[in-house]
2 protein chains.
Amino acid sequence: MTVSIKDVALKAGVSVATVSRVLGSGPVSDALRARVEEAVAATGYRPNLSARRLRSQHSQTIGLIVSDIRNPFFTAVSRAVEDAAFQAGMRVILCNTDENPDREAMYLRLMQEERVTGLIFAPTRTTLGRLDRAGLDFPVVLIDRSGPSGLYDSVVLDNQQAAAALVGHLHAQGYRRIAGLFGNTSTTAVERHGGYHAAMIEHGLTPDARFVPPYAEAAEAEVAGWLADGSSVVRPDAVMVSNSLLLMGVVKAARKHGLSIPGDLALAGFDNEAWTELVGPGLTVIEQPVHEIGCAAMNLLFERLDVPDRPTRKVVLSGTCVVRGSTAPWEASRV
Amino acid sequence: MTVSIKDVALKAGVSVATVSRVLGSGPVSDALRARVEEAVAATGYRPNLSARRLRSQHSQTIGLIVSDIRNPFFTAVSRAVEDAAFQAGMRVILCNTDENPDREAMYLRLMQEERVTGLIFAPTRTTLGRLDRAGLDFPVVLIDRSGPSGLYDSVVLDNQQAAAALVGHLHAQGYRRIAGLFGNTSTTAVERHGGYHAAMIEHGLTPDARFVPPYAEAAEAEVAGWLADGSSVVRPDAVMVSNSLLLMGVVKAARKHGLSIPGDLALAGFDNEAWTELVGPGLTVIEQPVHEIGCAAMNLLFERLDVPDRPTRKVVLSGTCVVRGSTAPWEASRV
DNA sequence: CTGAAAGCGCTAACAC
DNA sequence: GTGTTAGCGCTTTCAG
């Protein structure tokens, strides 16, 4: 049925070892090499990677576990990871966990069974806490979220700084009642809240943070709440949000309730997706170096494979504040 | 180093065959089963999938080759594919080709070496033409693009109908000079152009189609061209575009040149991405049943694995027209 | 129900 | 340089 190295050897009149050497990089005479290559072409032979892996104990496979590939951040990272992997002659197995610790556990098990060369992983908080006891025998690079543990290499955005930059910008533009809307599941949101809080204090402003589920609907409902008649909250004149879904939710709410941006509410958030340029007056956002994050993660992985016992490293990348109309100066937005 | 089935057998005081049976579904007495399970837990044993695959000749792996996972259509499809795959106990290997036939060829080779159980593939036109000579010995399901050949199962959108629906809608809203902007690389664009053209004729309108590279910039430049002083083109009062990048480009051009949508130019396109609801008055688009497309592809694959020699099938799914403000009635948009 | 043994396709010693 | 051979870790006959 399927043609094996034996068939090629037979056809070329050589031993399987010689065929293997031609495929790999052993010393073979030009004459035999030619014969083998001919036989390979004639038979349409393709090496069986399972056999090769079993024998060589190298899977040449890297795992990529993220919450949801549809999250544009992970989409972009996955592209970078895939590019780097295939450039290094490796394959990538993609796994979506939907932030579900059970699925994470299951996929970690899979990674072990695949004997992956390494793993790029964006864990939930829950799993992050247990990771040290997972007993993984391959290098892991954490992305997007990272524990304090320093047990694994990681590459993350400087979330505090980025959030603080957003607050600083809003403050400089003249806004004073700056609310913060954060997702309630991820560690990034916690860090971004930290930056928000510190910056608010630093600027002499009163922090006003809310944690909501990371869905557009949740943000929409929250904003709607501010507008409700009986609402006792002091209405913010600006809001910063910790991810693009919440950003979307605030825009939706503004449209629904006829709020003008930034006239009635200035808005700034994370992730410079293409559409943020097109919505309303354009949305001010922190741009994450998504491609660099993926590349950095792969580099950390390769370096650790090189030197298994070197100290763990945490690569912290900075975001860029892309200023657009949604945070126009306060005075201007009132006229 | 790594614990194998032998170690487990030793620890449990049984043969490796028994361990294998416990892991699989052989008949084993409760007593031994318990002993084995205990030994598995104690040793932290994880089966080696390469070995299992080599022996059983089942890779339990499906390949997914798309042009770019960052294309939201493919992102969504990949989620559906991954879900279905893991539900069936299979893994998926993700490959991005950037519409590059060389990379496609290379990945097809990889798929053979992995001995994948099946492949979900969105080929370029070039590769589509050669596919019959590729000599793949696993089932393939084409998505998004499909040849006339009927050589492989496929699942596609009814592009003609969808494009025609868009034209029909614009016509019903009172627009008459309806331009069409299509990507110049994909077969979907060709089909959508077909639907556009036919519908224009049917409504007694003059087709006005342009093929441009599938980038936002190309669409932007095209629209800018219409506005140029020396331009001899009759300016359209509406435009339909064949994909979301072009859609974005038209919106950008409109913003840049102060064109109001739909006042100066009505706009309709493909792919109901979240942001289309938030841009300007909301964009009228064809919503593709992305998840269903992924599921249908996996179903076709499974069914073919079941009955290898049944006739090939082409599943054609319909899009839904999501009407928003960008195609408000012509009269209304002029007041 | 259980164990012994063959071998999946390949690479890597080891001989010549 | 080249061939022979021993497994990599597992499943699956085949005996018992």
Side-chain angles (χ1 to χ4, degrees), chain A residues 1-37 39-40 43-61 89 109-117 137-138, chain B residues 1-37 39-40 43-61 89 109-117 137-138:
Chain A
M1 162 75 225
T2 174
V3 28
S4 87
I5 200 172
K6 238 177 186 162
D7 305 308
V8 177
L10 206 67
K11 181 135 199 160
V14 300
S15 74
V16 293
T18 301
V19 178
S20 179
R21 289 196 188 97
V22 171
L23 265 42
S25 54
V28 184
S29 70
D30 290 353
L32 285 200
R33 163 160 278 130
R35 289 230 310 269
V36 169
E37 277 164 354
V40 166
T43 54
Y45 168 72
R46 289 284 114 210
N48 181 321
L49 289 182
S50 292
R52 181 175 283 179
R53 288 186 186 126
L54 174 59
R55 175 61 230 228
S56 67
Q57 305 283 44
H58 292 311
S59 70
Q60 303 287 69
T61 299
R109 219 155 41 230
L110 173 65
M111 295 301 112
Q112 307 204 81
E113 303 189 350
E114 291 279 2
R115 305 293 192 264
V116 293
T117 306
D137 31 34
F138 44 77
Chain B
M1 159 79 226
T2 175
V3 28
S4 86
I5 199 172
K6 239 177 187 162
D7 305 308
V8 178
L10 206 66
K11 181 134 198 160
V14 299
S15 72
V16 294
T18 302
V19 177
S20 178
R21 289 196 187 96
V22 171
L23 266 41
S25 53
V28 185
S29 69
D30 289 352
L32 285 199
R33 160 160 279 129
R35 290 232 306 272
V36 169
E37 276 164 355
V40 166
T43 54
Y45 168 72
R46 288 284 116 208
N48 181 319
L49 289 182
S50 291
R52 181 175 282 179
R53 288 185 187 127
L54 175 59
R55 176 59 231 225
S56 67
Q57 306 282 45
H58 292 310
S59 69
Q60 302 289 67
T61 299
R109 219 155 41 230
L110 173 66
M111 294 301 111
Q112 308 204 81
E113 302 190 351
E114 292 279 2
R115 304 293 193 264
V116 294
T117 306
D137 32 34
F138 44 78

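In what follows, every chain begins at residue 1, and chains take the letters A, B, ... in the order their sequences are listed.
- One cannot find a donor-acceptor pair under 3.5 Å joining the base of D:dG1 and the side-chain atoms of A:R33.
- For A:K6, counting side-chain heavy atoms from C-beta on, the closest listed nucleotide (D:dC8, C:dA4, C:dC8) is C:dC8.
- Atom P of nucleotide D:dT11 and atom CZ of B:R53 are separated by 12 Å, given to the nearest angstrom.
- Here the side chain of B:L54 is nearest to one of C:dC8, D:dG3, D:dT11, namely C:dC8.
- Inter-axis angle, ends of the helix from C:dC1-D:dG16 to C:dC16-D:dG1, five pairs per end, rounded to 10 degrees: 40°.
- Of all non-hydrogen atoms in B:Y45 and B:V3, the two that sit nearest each other are CD1-O, 3.4 Å.
- The nucleotide whose nearest atom lies closest to any side-chain atom of B:R21 is, among C:dG7, C:dA12, D:dC14, D:dC14.
- Dashed line: the shortest gap from a side-chain N or O of B:T18 to OP1 or OP2 of C:dG3 is under 4.0 Å.
- The only member of A:N48, A:L10, A:V19 that meets side-chain contact (heavy atoms from CB on, under 4.5 Å) when paired with A:I5 is A:V19.
- At the phosphate of C:dA12, neither OP1 nor OP2 sits under 4.0 Å from any side-chain N or O atom of A:Q57.
- Taking only side-chain nitrogens and oxygens, B:S4 never comes nearer than 4.0 Å to OP1 or OP2 of D:dG9.
- For the pair B:R115 (side chain) and B:Q112 (backbone), a donor-acceptor distance under 3.5 Å is present.
- Distance from the side chain of A:P27 is smallest to D:dT2 among D:dT2, C:dA6, C:dC10.
- Set against C:dT11, C:dG7, D:dG3, the side chain of B:R55 has C:dG7 as its closest nucleotide.
- In this structure, of D:dG9, D:dT11, D:dG3, it is D:dG3 that holds the atom nearest to the side chain of A:V14.
- Taking every side-chain heavy atom of B:P47 into account, D:dC10 is the closest of D:dG9, D:dC10, C:dT2.
- Using a 4.0 Å heavy-atom cutoff across all strands shown, A:L32 reaches sugar-phosphate atoms only and no base atom.
- In this structure, OG1 on A:T117 lies 8.5 Å from NE2 on A:H58, to the nearest 0.5 angstrom.
- A:S29 comes within 4.0 angstrom of the backbone, heavy atoms only, and of no base.
- Checking C:dC10, C:dT11, D:dG3 against every side-chain atom of A:V16, the shortest atom distance belongs to C:dT11.
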